[in-house]
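Note on naming: letters A, B, ... go to the chains in the order of the sequence lines (proteins, then strands), and numbering restarts at 1 for each one. Scope of the values below: all heavy atoms of this structure, side chains included, with no hydrogens, waters or symmetry mates.
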4 protein chains.
Amino acid sequence: MKKNKPKYKQIIDAAVEVIAENGYHASQVSKIAKKAGVADGTIYLYFQNKEDILVSVFQEKMGQFIERIKDDIAKKSNANEKLYSLIEMHFRQLAVDHHLAVVTQLELRQSKKDLRLQINEVLKGYIAIIDEILHEGVEEGLYHSELNITLVRQMIFGTLDEVVTNWVMKEEKYDLIAQASDVHYFITNGIKK
Amino acid sequence: MKKNKPKYKQIIDAAVEVIAENGYHASQVSKIAKKAGVADGTIYLYFQNKEDILVSVFQEKMGQFIERIKDDIAKKSNANEKLYSLIEMHFRQLAVDHHLAVVTQLELRQSKKDLRLQINEVLKGYIAIIDEILHEGVEEGLYHSELNITLVRQMIFGTLDEVVTNWVMKEEKYDLIAQASDVHYFITNGIKK
Amino acid sequence: MKKNKPKYKQIIDAAVEVIAENGYHASQVSKIAKKAGVADGTIYLYFQNKEDILVSVFQEKMGQFIERIKDDIAKKSNANEKLYSLIEMHFRQLAVDHHLAVVTQLELRQSKKDLRLQINEVLKGYIAIIDEILHEGVEEGLYHSELNITLVRQMIFGTLDEVVTNWVMKEEKYDLIAQASDVHYFITNGIKK
Amino acid sequence: MKKNKPKYKQIIDAAVEVIAENGYHASQVSKIAKKAGVADGTIYLYFQNKEDILVSVFQEKMGQFIERIKDDIAKKSNANEKLYSLIEMHFRQLAVDHHLAVVTQLELRQSKKDLRLQINEVLKGYIAIIDEILHEGVEEGLYHSELNITLVRQMIFGTLDEVVTNWVMKEEKYDLIAQASDVHYFITNGIKK
DNA sequence: AATGAATGAGCATTCATTCAT
DNA sequence: GATGAATGAATGCTCATTCAT
């Protein structure tokens, strides 16, 4: 399995760094290879082409991202606590990994449509978690029984994504994680008095 | 003023069409020129460079977009009605202009970071409207007095943006405008029972 | 019509020179552009791709080659004289144009199969001339009435081609044109006493 | 002697197959190695480089080719019968080995000039046989005493080569061996009545 | 002897922009 | 103002060959 070989991970990590530092369009394969400490050709022993590197970056990193949220949620006893946990972990994981935040919020969005479609596939796993929490919340009687789950899920995801993107574009000058409780309050209670 | 000359508008409209039909990366200047019925070189009499065309597309189209929302809001008597109006108009305007929806939600996001920064400048006008409504709502005693306006504005924008993007990616198969009331309800009341 | 513009011919001629001097595989587009005194990109205003340059080289040069033979043959009064004329002109034209001889006999043979197929299309015009002479000779009672024309044409072409190739590979150290009469004698009378 | 080891022959045979099936340019060393059932590196224990494989293919196969013709000729009692035998065997051997025909007539011609020079070395053995027959024929009083042997040999070889190439390019749809007697007649008697 | 992972040089093509007419 | 021919920088990928095991 190539994914467990050390060079695979070296290249993935190099790609994140190179993209974060140089931007998506200035991230040549040769630059990634150099940062990873391998020859250009070696890249192609582990990845089909440049796009495959980028998709794999997202898969690997988001895979961990989602996994950690799942683990954290598993410890919570009700939907509302799980939702808070998801928000907090979402923010925390991007707050502690500057490179990853820049890459996911800004750089990878510049990719071509078909790469973005593959990225969306990866995000389905995340979407599923949100859906599950919402269903659970309805069953537990915490959330409205007639909740339009598909729509609410989009709103939650859009909210989290925009908040993180803003924070990255403001050069991460304030405490992202500290926003978690306000965001959670807003999602559950809305803005009405 | 170049902006009032007919060729300026021809080029802007050609750009929207070309991008919507061919995608961002396949939208060469020569293609836009051809669609606009002018020579390649003529483009550069009206725009500094390719990026300037795209920024101008956004400015022109979003300028109208925002203006129409402003007009509609002016008729409403309280913040909550204005918020509903904003959501409904946001959805409505993109729902009726397929090309514009594809260009703003999908294609223009593939642009380089500095173009996106310029796009954000344009969006500040929209942000200001949301802020104003929120302030008004607080003053009217409709919204929480200690509302974190900066954060809530991001959440509202993120929500609207994600809902529209999803609709575009689902090939606009359902009624976007019909989502407005659910979205408004969620924003004001949250998901809690 | 692009074929009549001066740059078209410049590029064709540059290509012949570059291929003759550097060999087929070392003939980069940039080298041809430089020799032609145009920018790399200009090549692509006149040719679809690299292969198109090479096919066009053959078409242009062989077009002239065949045309001159036709003109010369037209002056002759019987098939046998025409055949001699064809042999002599075939040798003469390659003997006076060293670059062309190297390119047609050695370099262009290294091309991919599909380029060679296109080259064969061009050669059909030459084949047709040989066929015509043979038919005429039969009608005139000069050649065997039951002549297997398809086969004989292959033999004539193979003979001429091999004789020229040998001459090029022997670095053109002897007089190719002087071979014409022996070759003609052999083709008409064979080797038997 | 490496040439007698089993892997040497395995690699040679794999090369012929791979080239015949995939074409010259798509015949990577790794593909030949795989077909031969050895590792890529093993190739280089038996051959100096890729070109050396191809030269060796030609040497081995043409060695047999020439040997069989020699054997057949030895049984004949005069030059003219020997010439017929050479033509017939030339056609027969390529007619029965489709792979070899494709490789020698089409694929190996795409090789670089210096490989073609080495191939010519191998062909000298064949040339020598033709020369010998011609000399014999002159001595026997069958052929013209003042025969330009160097030239005639080129013509014979060119004729045979072109006839076979045509047959291969016409996808071997007709009987090549059946052409032998017409070719022999043409070479000895020419086309004149 | 045999392996196969690693190497790294080499090149066709696109397209935003210019400027002579 | 308008044209459009010409420019030239910039880069992902292949594959013959090596060499540590």
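- Side-chain proximity of A/Y44 to F/dT18, F/dG8, F/dC13: nearest is F/dC13.
- With no hydrogens or angles considered, a side-chain donor-acceptor pair links D/Q105 and D/D161 at under 3.5 Å.
- The phosphate of F/dT11 (OP1 or OP2) has no side-chain N or O of A/K31 nearer than 4.0 angstrom.
- Between A/A26 and C/V38, the residue anchored nearer the 5' end of DNA chain F, judged by the nucleotide with its closest heavy atom, is C/V38.
- In this structure, C/K5 does not reach the F/dA5 phosphate: none of its side-chain N or O atoms is under 4.0 Å from OP1 or OP2.
- Of the candidates A/I53, A/V102, A/L54, A/T104, A/I19 forms a side chain to side chain contact (heavy atoms under 4.5 Å, CB included) with just one, namely A/L54.
- Salt bridge annotation for D/K31-D/D40: absent, with no cationic side-chain nitrogen under 4.0 angstrom from a carboxylate oxygen.
- The residue among C/T42 and D/T42 whose nearest nucleotide of DNA chain E lies closer to the 5′ end is D/T42.
- Using Watson-Crick or G-U wobble geometry with both donor-acceptor distances under 3.5 Å, E/dT13 finds its partner in F/dA10.
- Close to E/dG4, at under 4.0 Å from its OP1 or OP2, lies no side-chain N or O of D/K34.
- Applying a 4.0 Å cut-off to non-hydrogen atoms, none of the residues of residues 11-25 of chain D approaches DNA chain E.
- Ring-plane geometry between B/F65 and B/Y126 is classed as perpendicular, the angle between the planes exceeding 60 degrees on a 0 to 90 degree scale with a lower cut at 30.
- Comparing A/G41 and C/G41, the nucleotide of DNA chain E nearest to each residue sits closer to the 5' end for A/G41.
- For C/D40, counting side-chain heavy atoms from C-beta on, the closest listed nucleotide (E/dT3, E/dT13, F/dT3) is E/dT13.
- Comparing B/I43 and A/N49 by the nucleotide of DNA chain F that holds the closest heavy atom to each, the one mapping nearer the 5' end is B/I43.
- Using a 4.0 Å heavy-atom cutoff across all strands shown, A/V29 reaches sugar-phosphate atoms only and no base atom.
- Among the nucleotides F/dT11, E/dA2, F/dT17, the one closest to any side-chain atom of A/Q28 is F/dT11.
- Closest approach to the A/K50 side chain among E/dT17, F/dG12, E/dT13 is made by F/dG12 (side chain taken as heavy atoms from C-beta onward).
- In the model, C/Q110 has a side-chain atom that pairs as donor or acceptor with a side-chain atom of C/H25 under 3.5 Å.
- Counting only heavy atoms from C-beta on, B/K7 has its side chain closest to F/dA2 among F/dT7, E/dT13, F/dA2.
- With a 6.0 Å radius and a threshold of 12 heavy atoms from other residues, nucleotides or ligands, D/E21 has its CD atom above the threshold.
- At a threshold of 4.0 angstrom between heavy atoms, the contacts of B/Y46 are confined to the sugar-phosphate backbone, with no base atom among them.
- Atom-to-atom distance recorded for A/H98:NE2 and A/E17:CD is 11.0 Å, nearest 0.5 angstrom.
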